[in-house]
Every structure is written in C-alpha cells, then in structure tokens.
Amino acid sequence: MHISRRSFIKATAASGIAAAFGGLGLSLVPSVSQAKLLPLRWAKQTTSVCCFCAVGCGLLVHTDKTSHRAVNVEGNPDHPVNEGSLCSKGASIYQVAENAERPATPMYRAPYSDAWQPVSWDWALTEIARRIKKDRDASFRFQNDMGLTVNRCDGIASVGSAALDNEECWVFQSILRALGLVWIEHQARICHSSTVPALAESFGRGAMTNHWNDIQHSDCVLVMGSNAAENHPISFKWVLRAMEKGAKLISIDPRFTRTSAKADLYVQIRAGTDIAVLGGLINYIIENDLIQRDYVVSHTNAPFLVSDSFSFKDGLFSGYKAGSKDSHYQGRYNKSLWDFAKDENGLPLKDETLAHPRCVYQLLKKHYSRYDIDTVVSVSGADKQGLLEFYRQYAATGKPDKAGTIMYAMGWTQHTVGTQYIRTMAMVQLLLGNIGVAGGGVNALRGESNVQGSTDHALLWQSLPGYLAVPDATHTSYKKHLEIKTAPHLAAAKDPKSAAWWQYYPKYMASFLKSMYPQAELADAYNWLPKADQGKTYTWLELFDAMHDGEFKGFFAWGQNPACSGAHAGKNREAMAKLDWMVNVNIFDNETGSFWRGPGMQPEKIKTEVFFLPCCVSIEKEGSITNSGRWMQWRYAGPDPRGAARSDGHIMVELMEKVRALYAEEGGTFTAPIEALSLDMWRDQKGYNPHNVARLINGTFLRDVTIKGTTYKKGQQVPSFALLQDDGSTCSGNWLYCASYTDEGNMGERQSRQQSPEQEKLGLFPNWTWCWPLNRRILYNRASCDLTGKPYNPQMPVISWTGEKWTGDVPDGGWKPGEKYSFIMKPHGHGRIYGPGLEDGPFPEHYEPMETPLKSHPLSRQRSNPACLSFNDEYKAVADPKFPYVATTFRVTEHWQTGLMTRHMPWLLEAQPQMFVELSEELARKLGVGNGDKVVVESARGSIWAVGMVTERVKPLRILGKTVHQISMPWCFGWFMPHDGSGGDSSNLLTAAVGDANTGIPETKVFMANVRKA
Ligand code: SF4
C-alpha cells in the first residue's frame, strides 16, 4: 500500500474519473452550473454542502447512474453563500470519495503486531462491543471520593467529531452518556471552545452573531486572529463585496497574509499581544468619547454599579488563590467578589449618566487607561502610526449609520487568554453599537464544516445538547440541579423587563431527558446521566495527560486525528501506547490509527489493539450540518458508500445494538440506561435513519397537551421551543433545534431564495435551509433599535416596529419595543461590557503567552495568565536563549486542519506538498539559511524538519527595545501521507500543552522555538 507521493499523484490522476468544474475561487459574479448548461443524461444530481470549512458552500453532486460513483462535484449556483464558487478544497471534493487509498474493509491491529489485518464488520463491531462492556463494567463508579453519586465510566475516553452530521453527533453523545462517559471531547475544544464562553458571557449565546452574506453590509471589516482569504476563502467574497461598496478592510496579524494583501491597512504585531492592541483601542474610544452613547446606555451593562469587593491590582483581580502543586490550573478566583452592587430586590443598581465611580463604564475607563499607545507599541511591536490609523478607522463605526465587523478564528482562540481575546472585541463592539445590526457583530469563523453543530449537540464534556449543563456530583437530585441552574435567572426575572430566558431551563432539560429515555421518569433519567466531580474539568489536554498516565483502557478517536491535531502531539502519540484498545473511525488510515508504526515507535513493544473502521465521505450520506452562521443545511446521498464503508450513524447504531445485546445476554453493571436508551427510534428496517433522529432532535409531544387553548396531539412535532414542557409530556433532543423539523417538514431541506424586499436588502434568505434559533439570521437584533423600536440605522433595518408588529428578521422575542431588554439570554438582559462570569477576570487583561521571549512586561507584574491550565511537570521556555524565536502556526488554502483528507487529494498535495517555515530575510541572513534550504525547527517538546521559506511576510519587531524574530509554520502535515515521508510531520509536535483558563483550549498559536540549518 506504500507508494511515493509522485506515483500516487500520477496514479490518481489516471484513475479515469472525468470531472467538470464550475466556479473556482473568489469571482464576485455568480457562476452557472455545468449541469444547467449540459443536462446530465447518465447521472443523477444531488445537492450537498462542502465537508471542509464552516462557510458551508453548497454543492451539486453528479453520480453515474450505472457505476454509482461521483463523476462531478461543483458549486451550487443557487446557494446564497457561495453562488456557485468553490475554493480549491471544495472544488476537489470528488477526490476524497473516488480515492483508491480508502481502506476497503475494517482493519485490526493486534497487540505487538506490526501490521493491519482486514476483518469483517461483524467481527470488528462484536469485538469492540465486548471490550466496551468489559472495561465499562470494570471501571464503573457509582460514587466519587466524597461519597456522592456519579454513575460514570472512568476507564473509556472519546474524541470526535466535528466531521459528523448533526444527527450523528446527537446519537454519539447519547451513546457515550448512556455508557457513562464523562471524558468526551472533540475538535471544538481545540479550535473554538474559547468562543463559546466569550460570546455567551458578552451577549448570551456562544455563536457567530451574524452570517456570511451579512458581511457585505459592513463599513469596516477587521480581520484579526484569522486569515479569511486563505482559510475561509468563499467568505472573503462577501468582504470584497463590502469593499466594492466602499468598506475599509483592516488586517492585523503577526504575518502578512493574502488577507493583508487585499487590505487597506495592515499592521504587524507580535503573536500573543492582541489584548494589548485591543485594550489600546478601548482606551482610544473612551479617551476620544467615540462610544455610541444611546446604545451603550440602553443595551449594555455600562451603567451597572459594581460591588466594592471587586478590585484590580498588579495584574490580579480580587479573590485570587494560587493553585496547589497537584492542580492543573495555576490558580482560581473567587468570582463572587466581582458581583454587581444590588438593590433590596437583588437587582443591579445603575447610573445612566455613566459618571458614578463604581459604574462599569468608569471602571472600564480606569482599567484601560493603562493601555496608552506607547505601552501598546512597546509590547506588541506594532507601528505606532499604523496602530493609530487602525484605531481611528475602526472607532469611526461607532455611529448609528455605520457598522464595523470582526472576523476572527484560531489566531484568537488558541491562547491561554483565548476567551479574553474574544471578550475584548465583544466589548469594543458593544461600545460602538455594533451588535445586532447589519454589517456588525462578532463573527467567529468556524473551521470545520459542522463544528457549530457538533458543539450545539454537545460532544464536549461540560455540556448537554442545547448548552444544558452536565451535572456535577453535588447536584444530588434532579430538583436540586434545576434549582441551581435557574436560580440566577429567576432572581433577575424579578425585573419585569428581564426575559431571563434560561429560567425555562427545566423545560429544555426535561425534554432532553425524554429524548434519550422516553419511557423513564425524569428523576430516573437524570440519575442515569454520568456526573462530573465538582471543580474538576475533563478537557482535551487533561484527557491526554490522563491517558499518558495510563488511566484509560479504551479510547474512541472518531473522525479525528489527535496524533497531529493536538498541542504537544508527541505526548498524545505516547499516550495511545498506554491504552488496551482504540477505535479509529475515519475515511483514510492516518497518523492516529497507525500511531503504533509511526516515527520512533516500536510496534513489538506496543500492546494497544487498534480497530480501524472505514466510514462514508460526506457526499455518500444524508443528514444535516450547521455552518458558522448557524444555518442547518441538509445534505443528500450521491454516490454509494465506496467499498465496505458505512455511514458513521450506521456504525454507531450497530455498535450500540451489539453492546445492548451483550448486556441483555450476560447482564452487567448499571444496565438501566443502556436498556432504556431511545436507540430503536434512531433507525428503520434498513438501520440508522437520519430523518428519525432529526425529528427526535426537534421534539415531539409524548401525550396530548393543551397549551393556551390549543391541543397538540401525541406524536405531533413540537412547532417551537416555546411549547416545550417541563413535566415529561414533550421530548426534544436539542431545544435550540426545536422548529427545525416540524409537521410541515424538514426545514433544513428548504432551498428557496424567496424573501421580502426588506429581507432581500439584507440578504437574510429566510427560506433557504433553517437557522437556529427559530430561523433568526442576526442574533440580538432587538439591539439594532432604540427603545421605541426605531432602527438606529433606518437605511439598513434588521427589524423595525410598525406599531403593531416587528418586520424584517425574526426578532429576538416578539414583545413590544421597550417591554423587555434586548439581550434576553443574559440574566439582566444587557450586553456585558463587564463580564463577572469568566474564570480570569471581568475585564480582559494582557498577559504574555506561557512561552515568551519576555521575563516581564510593562502592563503589570503578572507575566502570564494566573488562572490558566498548565502541567507543572512540563517545561515552558521563558526568555530561554535555547528557544529564542516567537513561533506561530497557520493553515493554507489547499489543506484542511491536519491534512488527513487533503493530503490524500492529489491536486491539493501537488499544490502544497511539504512542511515549510517562514523566516524573515533578516533572520535567514543571521542563520545562513537560503530560500528552499532544509532546516530543523525545535522547541522544548520536539523537533521537525521544514523547508525554509525566506519571505518579507514576516519582519523582525522591536519589543521593549530589543529585536524579536517571529517564525511561522503550517500545521497540516504528518508522517503518514505522503507515504514516502516527503511531507514532513506535524508542527504540533512543537506546541505547548498549556490551556486557556475558561476552556482549556491549547495555546497552539504561540510558543518559543529555535531554527537551525539541517
Ligand atoms: S472549504 Fe470552505 S470556502 Fe472552500 S468550498 Fe468548502 S466551505 Fe467553501
């Protein structure tokens, strides 16, 4: 099976699949389908959605009616986002499906073996089911060390997957939780987990606020912490469209990218200093009185008074306690000290003049007054004039008729202060009145096609679908859990203007429990949920640390490649050798499935049994995925599954049926959740059925229910989450998706471009697929109007009040203007400039990355985030001459994430064949490295080879009077493919296992490294 890259490219190019390609790239002119020009007589046409990034471009897939193989994939010209265009990855999708490298059968690697052996599906699933049962039963804990009920399986862990469809994600989380797992993680942890608490703390929901088409309405597009032109190429079409209408594009980045090349203004900064730069922007806005005052007073918590127990000194907020030697966190805060000052009803005191010294606005002003331009320049290395121009241009959007937007991605999320990076910009947007409006928002550019949906459907340890909470063991009963979760919202609801929407948590939790266990009493179903230990987190880095310590017997790596994707990937590879068994489900064999034969491994010493299960590619199966803009889009099956491949949903259902059968036959530990699981509802006679699951996710009336005079019959679909009940009479697998699959049909399948003139002006496309929540395309849209319902910008109204009703987008609650506050998911109904719910402070503060060239910085005496996740036994390079260069990682257009799929696609591999490192001309001269020379890049954790690319894209910076060099590398390569090793290995072998204080997302975007000639 091992062939060289060159012969692989030739072989696949000669495979005889004829493909006709439609629009490619960034043309602003919608393309015309080849199929419309030349009707395909011998092919069937299906629509699908690109399986790579979360722009969610629409596809037309043509499948030969005789061979049932894909013969053409092109952009769907009717699709509102891509209008027929595709980037290089989307345009090459057929090469994923029609690829001779796809394993034809399941494979098994026996302990200490040096080879795979092909096996049958029945054998593989039976053997996996036996191991699940054995190790679940052996490691099951009914109580924790405190004697509290936990009902969980500690011996098995799972990662994956944002590559699954929504329905598969929901099924997978149900199976894992019915088995009792709490170690549940996936890509979202390591790419965008910091987005969720940052945006939820600021606005109420953890998702991109606007959507792709809306970017065209912006007057100023800030691209910072992302490189949209290369990594979300079709999204950039909407940036260019905004620029055609006069918008400015600003690019702030450690390296000059293709986004920078199109920008009106580019400013280079040192990786890891974005909070300093944005803190300077807040200072500039306040100093020059550029806030949108009516918006700030009406819609944000700037007027709220803060308790006297809140303070900030020398880089620490009040209430800090350093972590113990055994803790994975550097320290923790007592957040209760950061609360608001409250009246006798427990509601925040306010000063709408914004003059009170304890009001949020004045505290904000004081906090960021330290971020003066010279200090920011000295820390970040930015050009002073460039920075001032950035501040001037962006702050100009703080006017009612202007809108500025931010597009960010992993350049912001992957830091030990990642959550606070995003918070800083959320605060800027609130000060400028840019949330809820057209062309505004905080737009998280999700990198995986369904990372939004997989997060919504809770493949993460801490949440249940719809962002309900995984209970901790101190929530000793269902009643207590509900009381704890609703208390702050019920308290806030004493203010009649506060919708405090999470007060309805019991309805969503009851409906979720009923979706997993329809016949059970709610208290029993709650008891069956596995419980976390209070105060403990089960995040990605901790999962692999526990695996490295030998704590797990079994492991699922489902649609994920942690041998390359995670920080300190070498530790992950070592950790897998400590397992008894591992299941790897994927399209291609990869660095994870074959870890035992990777570089430095000795198969004869590795006991881990590995099962590789080949799954379908996206165009071979049916189901929905949710793009970054929250559009739930249905995909249809085109070609048949190649070889013996099965859809992930089929694999999950068959595996769980085998597990259930074993328990029925033999008995075992804590069998009730396995027996009672709604497994039979997920299938039809042929097996897994995504429509059945999608209906269950939406929810159904389980008995006749009369609500406000209307009777809903048992078996009817619940039309809206407003009708879900807390008494067990409704089920809904995910309340956020309630209204997505009603008695009218599957809303995600809709493909009508019909819209009202008002909606057309905004490009809302309300009849194209469906969007959570309730098909609302722009979140927090009540904040786009003043308290009388008049849009701040009447030229571009998102919603407006006619005197009787709202028109435009679906409003964030249908109440009359002024009747309720606009940020309905927050307890007090206001956008949070002051965010007391985060683990590392209510105001973002600049801290150095955990690896840094500086021993100290001028903003405080606290060098790094005092609350971050960090393992005490791992070395961090701080001002270490052995690792003198600031290193960062990035993606290229041609490869996607670890490159697992794209390195198997000949056209893309040809375009980007191997690992390289970008070096400035100055650094290259210093090292004696020429363009194209092979170099070794090394960090405190490992080393890799790379081709030196000497470029003007990076320049040395002056930081606190010293010259600092930066280097940058892609992270899309791995040893497995190309098979001849010509691609190199993952740059995550170099990155540090340190994580954000709120989410544990690894700091893969900055570390210290050395470069030398090979
Ligand atoms: S990778 Fe992203 S931008 Fe490219 S075609 Fe796919 S969805 Fe569109």
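Please read these numbers as outputs of a predicted model, since none were measured by experiment. Every number for a ligand or one of its atoms is a count from 1 in the order of the listing. Position 1 is the first residue of the sequence, and the numbers go up from there. Note that these values count all heavy atoms, side chains included, but never hydrogens, waters or copies made by symmetry.
Close contacts of ligand 1 with L86, meaning ligand atoms under 4.0 Å from a residue heavy atom, involve 5 (S). Here is the list of ligand 1 atoms found below 4.0 Å of a heavy atom in F52: 1 (S). In summary, the atoms of ligand 1 found under 4.0 Å from a heavy atom of I234, numbered by their order in the structure, are 3 (S), 8 (Fe). Residue contact check: P233 has heavy atoms under 4.0 Å from atoms 3 (S) of ligand 1. Interface of G90 with ligand 1, defined as ligand atoms under 4.0 Å from a residue heavy atom, comprises 5 (S). Heavy-atom contacts of K89 reach the following atoms of ligand 1: 1 (S) (cutoff under 4.0 Å). Counting atoms of ligand 1 from 1 in the listed order, those under 4.0 Å from a heavy atom of G56 are 7 (S).
Within the coordination shell of atom 2 (Fe) of ligand 1, defined by N, O or S atoms under 2.8 Å, C87 is absent.
With respect to the salt-bridge test (charged N to carboxylate O, under 4.0 angstrom), the residues R241 and E83 qualify. Here R642 does not pair with E620 in a salt bridge; the nearest charged N to carboxylate O distance is not below 4.0 Å. Between E591 and R903 there is a salt bridge, since at least one side-chain N of the basic residue sits less than 4.0 Å from a carboxylate O of the acidic one.
Atom 2 (Fe) of ligand 1 has its closest protein heavy atom at C53 SG, 2.3 Å. In this structure, atom 6 (Fe) of ligand 1 lies nearest to the protein heavy atom C50 SG, 2.3 Å. Distance from atom 8 (Fe) of ligand 1 to its nearest protein heavy atom, with residue and atom name: C57 SG, 2.3 Å.
Residue E230 forms a salt bridge (Lys or Arg N to Asp or Glu O under 4.0 Å) with just one option from R258, K89, K262, and that option is R258.
Between Y741 and W634, the two ring planes are perpendicular [angle over 60°; tilted spans 30° to 60°].
Between the side chain of S226 and the backbone N or O of M407 there is at least one donor-acceptor pair closer than 3.5 Å.
R102 forms no cation-pi arrangement with F588, by the criterion of a distance under 6.0 Å to the ring centre and an angle within 45° of the ring axis.
Taking the ring centroids of H79 and W768, they lie under the 6.0 Å cut-off.
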